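Written below as structure tokens is the structure these notes are about.
Everything numeric in this text was worked out from a predicted model, so none of it was measured. Protein chains get the first letters and strands the later ones, always in sequence-line order, with residue 1 at the start of each.
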There are 2 protein chains.
Amino acid sequence: MSSGNPETRKRILDSAWKLLEAAQGREVRMTDIAREAGVSRQALYLHFPARSDLLVATTLHIDEVKDVDARLVRSRSARTGIERLDAFIDAWGNYIPEIYGVGKALMIMGESDEGAKDAWAGRMGAVRHGCHAAIDALDRDGRLTAEHSVERATDILWTLLSVRNWEHLTIDCGWSQSLYIEKVSAMARRLLVADGIDG
Amino acid sequence: MSSGNPETRKRILDSAWKLLEAAQGREVRMTDIAREAGVSRQALYLHFPARSDLLVATTLHIDEVKDVDARLVRSRSARTGIERLDAFIDAWGNYIPEIYGVGKALMIMGESDEGAKDAWAGRMGAVRHGCHAAIDALDRDGRLTAEHSVERATDILWTLLSVRNWEHLTIDCGWSQSLYIEKVSAMARRLLVADGIDG
DNA sequence: CCTTTCACTTGACACTGTGTCAAGTTGCGA
DNA sequence: TCGCAACTTGACACAGTGTCAAGTGAAAGG
């Protein structure tokens, strides 16, 4: 998977992270990352076979540093379905801005590169899994609206929580992050929870 | 805006349309469009200064051929706000698959080309305008939910009806076009219309 | 009949960014 | 002192966009 000095590897990942975050995923070239990391452009290819591999490794690096698992503990240990739904939206919704830069770069690459596309689809598949678990919990409590099947409800929550929707609401519509979380939570309840908005 | 024979121009636009629709916006080069139209690659640049201009012209060409205005008549002449909301979702929601190929190409280009980005943003601004009109109509009838202001409600409808969401629900989740329309209409009502789902 | 002009063709080329290749260089451990 | 691992250096292939200059062919007009 990777040859070379682990410290160099980490420097490359940190540089990619920094630049992609600053540029929100756009126009960050291999040359830029190499310069930022203080290594030659070719050193990048010694550590990562292709740009898409570097981007994927960067998302995993961020997951590790930001401890994504710890963020999901509250969601996984929720007692009720509604609690689980809220906790999941809070965890994932607040994680999106942290990985947006790298994610965006991967999304852009995915339009032309099959490897990048699959990698991003894999990450989003994990999010769908989280959505599914929340819907299942809701269903077990008998609080899932009768209007949708579990699969359809999962599709709806997954779509509501997509990075594209976060992008649209915060960047295109100008919503603050806290407004985003508040409104999206309310929308999820309205769309998915039977009878009303009580917790 | 364009020199040269209008018939050649039309042949280029039709070719671009055909290829972009078939490829769903991906990997259609200037060379491919030229070959399909039976002209030289350079002829394209005599008619359109850049690829983004050709893409924008193609969307406008489709609007003309598909008579987008006629599709919106039912929405504009609706008597009630709810009728207007339904008619707008029906009109726009069913128009998305028709422009998806070219729209996708423009969206992809917009990630790196400022001209393409602005052009697409302009088209989407028109959609937002339609959303705003529907929300206004709902508000005048006193049927807009108290939960959101007119602006926020417009943001929500605009996001719900985004091309990205259509893409996510139909392509990634596998929903049929009719299911998409049905579910999105129901979601819009649930999120935006006060007390229930009656028309 | 000759000339001009328009619409297009032909072929070459600059530019950007990714990825590859081959030949160094440097430092460290056996 | 040998040899290897990690990295550097510089050249190059490739794809796709966009530019440039010269050429062709047909039609319009003096």
Do [X] and [Y] have side-chain atoms, one donor and one acceptor, less than 3.5 Å apart?
| X | Y | result |
| --- | --- | --- |
| A:R164 | B:S162 | no |
| B:H61 | B:D14 | yes |
| A:Y95 | A:D63 | yes |

Rounded to whole Å, please give me the gap between [atom1] in [X] and [atom2] in [N].
| X | N | atom1 | atom2 | result |
| --- | --- | --- | --- | --- |
| B:D113 | D:dG16 | CG | C1' | 14 Å |
| B:L54 | D:dT17 | CG | P | 11 Å |
| A:R51 | C:dG19 | CZ | P | 8 Å |
| A:Y45 | C:dG17 | OH | C1' | 8 Å |
| B:M109 | D:dG16 | CE | P | 14 Å |
| A:L44 | C:dT20 | CG | P | 13 Å |

message = Would you compute the distance between atom CD of A:E151 and atom OG1 of A:T154 and round it to the nearest 0.5 angstrom?
response =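 So the gap between those two atoms works out to 5.5 Å.
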task = Would you mind building the protein contact string for nucleotides 3-12 of chain D? One character per nucleotide, 5' to 3', B for base within reach (heavy atoms under 4.0 Å), S for sugar-phosphate only, - for untouched.
result = ---SBBBBB-
ask   = So, do A:L169 and A:K183 sit near enough that their side-chain heavy atoms are less than 4.5 Å apart?
value =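 They are not in contact (no side-chain heavy atoms under 4.5 Å apart), so the answer is no.
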query = Does B:R9 reach the side chain of B:I12, with side-chain heavy atoms less than 4.5 Å apart?
reply =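 Contact flag for B:R9/B:I12 side chains = no.
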ask   = Aromatic rings A:Y100 and A:W166: how do their planes relate, parallel, tilted or perpendicular, breaks at 30° and 60°?
value =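 Rings of A:Y100 and A:W166: tilted, 30 to 60°.
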inquiry  = Quick check on contacts: within residues 22-33 of chain B, what sits under 4.0 Å from DNA chain D by heavy-atom distance?
reply    =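 Of all residues in residues 22-33 of chain B, the ones placing a heavy atom under 4.0 Å from DNA chain D are B:R29, B:M30.
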ask   = Between B:R189 and B:D86, does at least one N-O distance fall below 4.0 Å, as a salt bridge requires?
value =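 Salt bridge between B:R189 and B:D86, a charged N being under 4.0 Å from a carboxylate O: yes.
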